[in-house]
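One structure follows; several queries about it will come next.
Position 1 is the first residue of the sequence; numbering continues from there. Treat the numbers as computed from the prediction; the structure is a model and nothing was measured.
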Amino acid sequence: MSEQKYYVSYETVHKLVRGLAERVEKSGYDPDVIVAIGSGGFIPARILKTFIHRPIYAVGISYYGTDHSHADHPHKIQWIDEVQSQLTGKKILLIDEVDDTRATLAYCVGELLKYKPEEVAVLVLHNKLKKKDVEMPVEVKRYFAGEEIPDIWIGYPWDAADIDEHNRKEREQRAQEART
């Protein structure tokens with residue numbers, strides 16, 4: 001991965017989610033529930049709820065350590081066992097911010113499939129164009145990505161210590177893109 005960083009504003013996230021909501025609707029997929037992978041999927045899931053009005057369940061999956069290095073495999077931090085009956089036979093829309101290695105998404109899909117849903121679809125803001133560590137489970141027939149981007153670090157606004165500085169960098173990035 002290069003040292004370049006791709007800055008994304010809240011406004012950009014909102015527009016990506018709105019576009020994704022339209023694509024989900026046009027595809028004919030009508031989810032019963034949204035499952036948000038924390039922490040990156042929480043904000044996109046909440047914005048999506050504005051457009052598709054479904055309940056949100058949150059799961060915590062960790063694949064990174066505090067130093068941003070990969071663990072050996074994803075593991076549960078928080079799960080939704082108490083709502084198993086809410087998932088059985090349902091159409092689930094699983095949401096995360098980025099499809100990087102795909103390990104977290106595939107792991108979460110595998111765990112959700114244990115509840116025997118009717119269908120699991122995946123939605124991400126960004127799909128990194130690179131070889132993934134794992135394949136998406138074959139049961140996932142619908143995959144929605146807001147943007148396809150190179151394998152670069154993404155600076156999401158919810159990770160910014162200084163939102164004004166983050167937004168300034170995002171504006172500079174957009175201006176540079178417009179010039180090229």
Do T88 and P117 make a side-chain contact, defined as non-hydrogen atoms from C-beta onward lying under 4.5 Å apart?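 Sidechains of P117 and T88: no contact.
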Do you reckon F51 sits in the same ILVMFWY cluster as L20, going by side-chain contacts under 4.5 Å, direct or chained?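 Same cluster: F51 reaches L20 through Ile, Leu, Val, Met, Phe, Trp or Tyr contacts under 4.5 Å.
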Mind checking what makes salt bridge (charged side-chain N to carboxylate O under 4.0 Å, His left out) contact with E25, not counting sequence neighbours?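 In terms of salt bridge (charged side-chain N to carboxylate O under 4.0 Å, His left out), with neighbours along the sequence ignored, E25 is linked to no residue.
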Minimum heavy-atom separation for D96 to G41, with atom names?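 Scanning both residues, the minimum pair turns out to be OD1-N, 3.5 Å.
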Apply side chain to side chain contact (heavy atoms under 4.5 Å, CB included) to A45 and list each qualifying residue two or more places apart in sequence or on a separate chain.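 Once residues adjacent in sequence are excluded, the partners of A45 under the side chain to side chain contact (heavy atoms under 4.5 Å, CB included) criterion are I34, A36, I56, I95.
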I'd like to check the side-chain hydrogen bond (donor to acceptor under 3.5 Å, both in side chains) partners of E139; sequence neighbours left out, ordered by chain and number.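 side-chain hydrogen bond (donor to acceptor under 3.5 Å, both in side chains) list for E139, sorted by chain: empty.
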Mind checking side-chain hydrogen bond (donor to acceptor under 3.5 Å, both in side chains) for E22 and listing every partner two or more places apart, or none if nothing turns up?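 By the side-chain hydrogen bond (donor to acceptor under 3.5 Å, both in side chains) rule, E22 matches no residue at all.
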Going by salt bridge (Lys or Arg N to Asp or Glu O under 4.0 Å), name the pairs with one or both residues in residues 166-180, residues two or more places apart or in two chains.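 Listed by first then second residue: E165-R168, E165-K169, R168-E172, E170-R174, R174-E177.
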Please list, chain by chain and in numerical order, all residues satisfying side chain to side chain contact (heavy atoms under 4.5 Å, CB included) with V140, sequence neighbours excluded.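 For V140 the side chain to side chain contact (heavy atoms under 4.5 Å, CB included) partners, ignoring immediate neighbours, are V109, V122, M136.
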Keeping K90 on the side-chain end and P31 on the backbone end, is there a donor-acceptor pair under 3.5 Å?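 Not at all, since once roles are kept as given, no pair shorter than 3.5 Å links the two residues.
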Apply ring-ring contact (aromatic ring centres under 6.0 Å, His included) to H166 and list each qualifying residue two or more places apart in sequence or on a separate chain.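 ring-ring contact (aromatic ring centres under 6.0 Å, His included) check on H166 returns Y7.
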Sequence neighbours excluded, which residues qualify as side-chain hydrogen bond (donor to acceptor under 3.5 Å, both in side chains) partners of E11?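 If we apply the side-chain hydrogen bond (donor to acceptor under 3.5 Å, both in side chains) test to E11, skipping adjacent residues, the hits are K15.
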Give, for atom OG1 of T12 and atom CD of Q173, the distance between the pair rounded to the nearest 0.5 Å.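 Rounded to the nearest 0.5 Å, the OG1-CD separation comes to 8.5 Å.
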Sequence-distant partners of K132, side-chain hydrogen bond (donor to acceptor under 3.5 Å, both in side chains), two or more places apart: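 Once residues adjacent in sequence are excluded, the partners of K132 under the side-chain hydrogen bond (donor to acceptor under 3.5 Å, both in side chains) criterion are N127.
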With a 3.5 Å distance limit and no angle check, can you tell me whether S9 reaches the backbone of N167 through a side-chain donor-acceptor pair?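 It does not hold such a pair.
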Restricting to pairs with a member in residues 129-151, which pass ring-ring contact (aromatic ring centres under 6.0 Å, His included), not counting sequence neighbours?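 For residues 129-151: none.
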With sequence neighbours left out, which residue pairs that include part of residues 29-38 fulfil the side chain to side chain donor-acceptor pair (under 3.5 Å) condition?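 Every side chain to side chain donor-acceptor pair (under 3.5 Å) pair that includes a residue of residues 29-38, provided the two are not neighbours, is D30-R54.
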Distance (rounded to the nearest 0.5 Å) between L87 CG and E111 CD: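 Result: 12.0 Å between the selected atoms.
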Can you name the residues that form a side chain to side chain contact (heavy atoms under 4.5 Å, CB included) with I43, not counting sequence neighbours?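 Result, side chain to side chain contact (heavy atoms under 4.5 Å, CB included) vs I43: Y10, I47, W158.
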Around atom CD of E135, are there more than 12 heavy atoms of other residues, nucleotides or ligands at under 6.0 Å?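 At most 12 heavy atoms, drawn from other residues, nucleotides or ligands, come within 6.0 Å of this atom.
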Go through it in stages, so that I can follow the logic: the residues are L48 and V24, the test is side-chain contact (heavy atoms from CB on, under 4.5 Å), and I'd like the CA-CA distance, side-chain angles, deciding distance and then a yes or no. CA-CA 10 Å; L48 187 69; V24 168; 5.7 Å; no
Within a strict 4.5 Å, meaning less than it, do heavy atoms of the L113 and V120 side chains meet?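 The answer is yes, as the side chains (C-beta and beyond) meet within the 4.5 Å cut-off.
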In the single-linkage hydrophobic clustering (I, L, V, M, F, W, Y; side-chain heavy atoms under 4.5 Å), do L105 and L129 co-cluster?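 No, separate clusters.
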Linking I/L/V/M/F/W/Y whenever any side-chain heavy atoms sit under 4.5 Å apart, do V17 and I149 land together?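 V17 and I149: one cluster.
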Using side-chain contact (heavy atoms from CB on, under 4.5 Å), reason through T101 and V134 one step at a time and then give a plain yes or no. CA-CA 7 Å; T101 66; V134 297; over 6 Å; no
For side-chain contact (heavy atoms from CB on, under 4.5 Å), just list the numbers for V35 and I92, CA-CA rounded to whole Å, side-chain angles, deciding distance to a tenth of an Å, and then say yes or no. CA-CA 7 Å; V35 173; I92 299 170; 3.6 Å; yes
Between E119 and R142 (salt bridge meaning N to carboxylate O under 4.0 Å), is one present in this structure?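 Answer for the salt bridge query: yes.
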So H126 and Y6, would you call those rings parallel, tilted or perpendicular, with 30° and 60° as cut-offs?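 Perpendicular: the ring planes of H126 and Y6 meet at over 60°.
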Could you give the distance from CG (L123) to CG (L94), rounded to the nearest 0.5 Å?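 Spacing of CG (L123) from CG (L94) equals 9.0 Å.
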CD of Q4 to CG of D151: how many Å apart, nearest 0.5 Å?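 It comes to 11.0 Å.
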Where do E97 and I154 land on the side-chain contact (heavy atoms from CB on, under 4.5 Å) test, with the steps shown first? CA-CA 10 Å; E97 85 276 38; I154 304 170; over 6 Å; no
